[in-house]
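These notes concern the structure reproduced below.
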Amino acid sequence: MAPSFSSTDGLARERRPPGAFAADVRSWVQRIPEGKVASYGDIAALAGSPRAARGVGAVLNGLTEGSDVPWWRVVNRSGELTIPAELGRRSLQRTLLMSEDVRFTPGGRVDLARHHWTGPDGE
DNA sequence: AAGGTGACTGGCG
DNA sequence: TCGCCAGCCACCT
């Protein structure tokens, strides 16, 4: 039987100009409300590439110091801060989140039940 | 241009 | 619920 995958594969990964994804990621991260957090996967989905969670991390990793993108509001699916500790930013991320009254569980994770932002509809 | 890296995630035991 | 494994996609050299 011929591979009639047509468009039923559910993921129409439309090829876009280089950097378009990155620009979209930054745009969405900027929309995360203060006191809220989103997962890498959430941002990836909003940016049009649900499977590119790691790509989101790569984009945030490339942010410059003068950037107005609230990178600290992006955590992993479990609410953990997965930034490399060596960069010294992991503790900074936690500090910034706490300054926005984001609560952490005893296990050191963001209380997603209370602070998880999943997009424009979810706010 | 090609291959390696990683601020992830879903699936499984 | 937790830990481990493999797949994924964009970025960088």
Side-chain angles (χ1 to χ4, degrees):
Chain A
M1 174 67 171
S4 57
F5 50 72
S6 60
S7 59
T8 60
D9 60 340
L11 298 176
R13 311 158 300 291
E14 184 178 336
R15 220 164 287 167
R16 306 187 175 180
F21 176 78
D24 220 1
V25 166
R26 294 187 211 108
S27 181
W28 279 110
V29 172
Q30 287 184 314
R31 303 187 197 189
I32 303 176
E34 189 178 313
K36 292 286 186 176
V37 302
S39 74
Y40 295 93
D42 294 333
I43 299 302
L46 289 170
S49 299
R51 307 296 177 192
R54 303 184 74 170
V56 172
V59 171
L60 297 184
N61 185 41
L63 293 176
T64 59
E65 190 177 333
S67 159
D68 53 346
V69 179
W71 53 269
W72 59 90
R73 293 176 189 154
V74 183
V75 300
N76 80 352
R77 63 174 174 187
S78 301
E80 299 168 305
L81 311 188
T82 51
I83 298 178
E86 34 198 74
L87 297 179
R89 302 193 189 194
R90 195 176 59 178
S91 55
L92 172 60
Q93 180 174 25
R94 180 164 176 155
T95 299
L96 288 169
L97 288 172
M98 289 183 76
S99 72
E100 297 184 350
D101 294 317
V102 170
R103 297 188 183 186
F104 285 77
T105 68
R109 305 178 183 180
V110 170
D111 185 350
L112 293 178
R114 174 152 175 69
H115 303 285
H116 193 191
W117 182 78
T118 56
D121 304 318
E123 86 175 75

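Note that this is a predicted model, so its numbers are computed, not measured. So you know, we letter chains A, B, ... as the sequences are listed, proteins then strands, and number each from 1.
The separation between A:Arg16 atom CZ and C:dC9 atom P is 14 Å, rounded to whole Å. At whole-Å resolution of the value, CG in A:Leu97 and C1' in B:dA7 are 13 Å apart. Counting to the nearest Å, the P atom of B:dG6 and the CG atom of A:Leu60 are 16 Å from each other. In this structure, the CG atom of A:Asn76 is 14 Å from the C1' atom of C:dC2, given to the nearest Å. Distance CZ (A:Arg51) to C1' (C:dA10): 15 Å, rounded to an integer number of Å. Rounded to an integer number of Å, the gap from CG of A:Asn61 to P of B:dG4 is 20 Å. If you take CD1 of A:Ile83 and P of B:dG6, they are 16 Å apart, rounded to a whole angstrom. Distance, A:Asp42 CG to B:dG10 C1': 14 Å, rounded to whole Å.
When each of B:dA7, C:dC11, C:dA10 is scored by its nearest atom to the side-chain atoms of A:Ala52, the top-ranked nucleotide is C:dA10.
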Stepwise side chain to side chain donor-acceptor pair (under 3.5 Å) check, A:Asp42 with A:Ser39: CA-CA 5 Å; A:Asp42 294 333; A:Ser39 74; 2.9 Å; yes
Working for side chain to side chain contact (heavy atoms under 4.5 Å, CB included), residues A:Arg73 and A:Val29: CA-CA 8 Å; A:Arg73 293 176 189 154; A:Val29 172; 5.6 Å; no
A:Leu81/A:Arg94 under side chain to side chain contact (heavy atoms under 4.5 Å, CB included): CA gap, chis, key distance, verdict: CA-CA 8 Å; A:Leu81 311 188; A:Arg94 180 164 176 155; 3.7 Å; yes
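Proximity of A:Ser49 to the phosphate of C:dA10: a side-chain N or O atom is located under 4.0 Å from OP1 or OP2. Using a 4.0 Å cut-off, some side-chain N or O of A:Arg77 falls inside it from OP1 or OP2 of B:dG10.
Pairing partner, C:dC8: none, since no Watson-Crick or wobble contact has both distances short of 3.5 Å.
Scanning both residues, A:Leu46 and A:Gly119, for their nearest heavy atoms gives CD1-CA, 4.3 Å.
Within the nucleic acid shown, A:Tyr40 comes within 4.0 Å of at least one base atom, counting heavy atoms only. Across all strands shown, A:Ala44 has no heavy atoms under 4.0 Å from either base or sugar-phosphate atoms.
With rounding to the nearest 0.5 angstrom, the CZ atom of A:Arg77 is 13.0 Å from the OH atom of A:Tyr40.
Along DNA chain B, the nucleotide nearest to A:Ser39 and the one nearest to A:Arg54 differ in position, and the one closer to the 5' end is contacted by A:Arg54.
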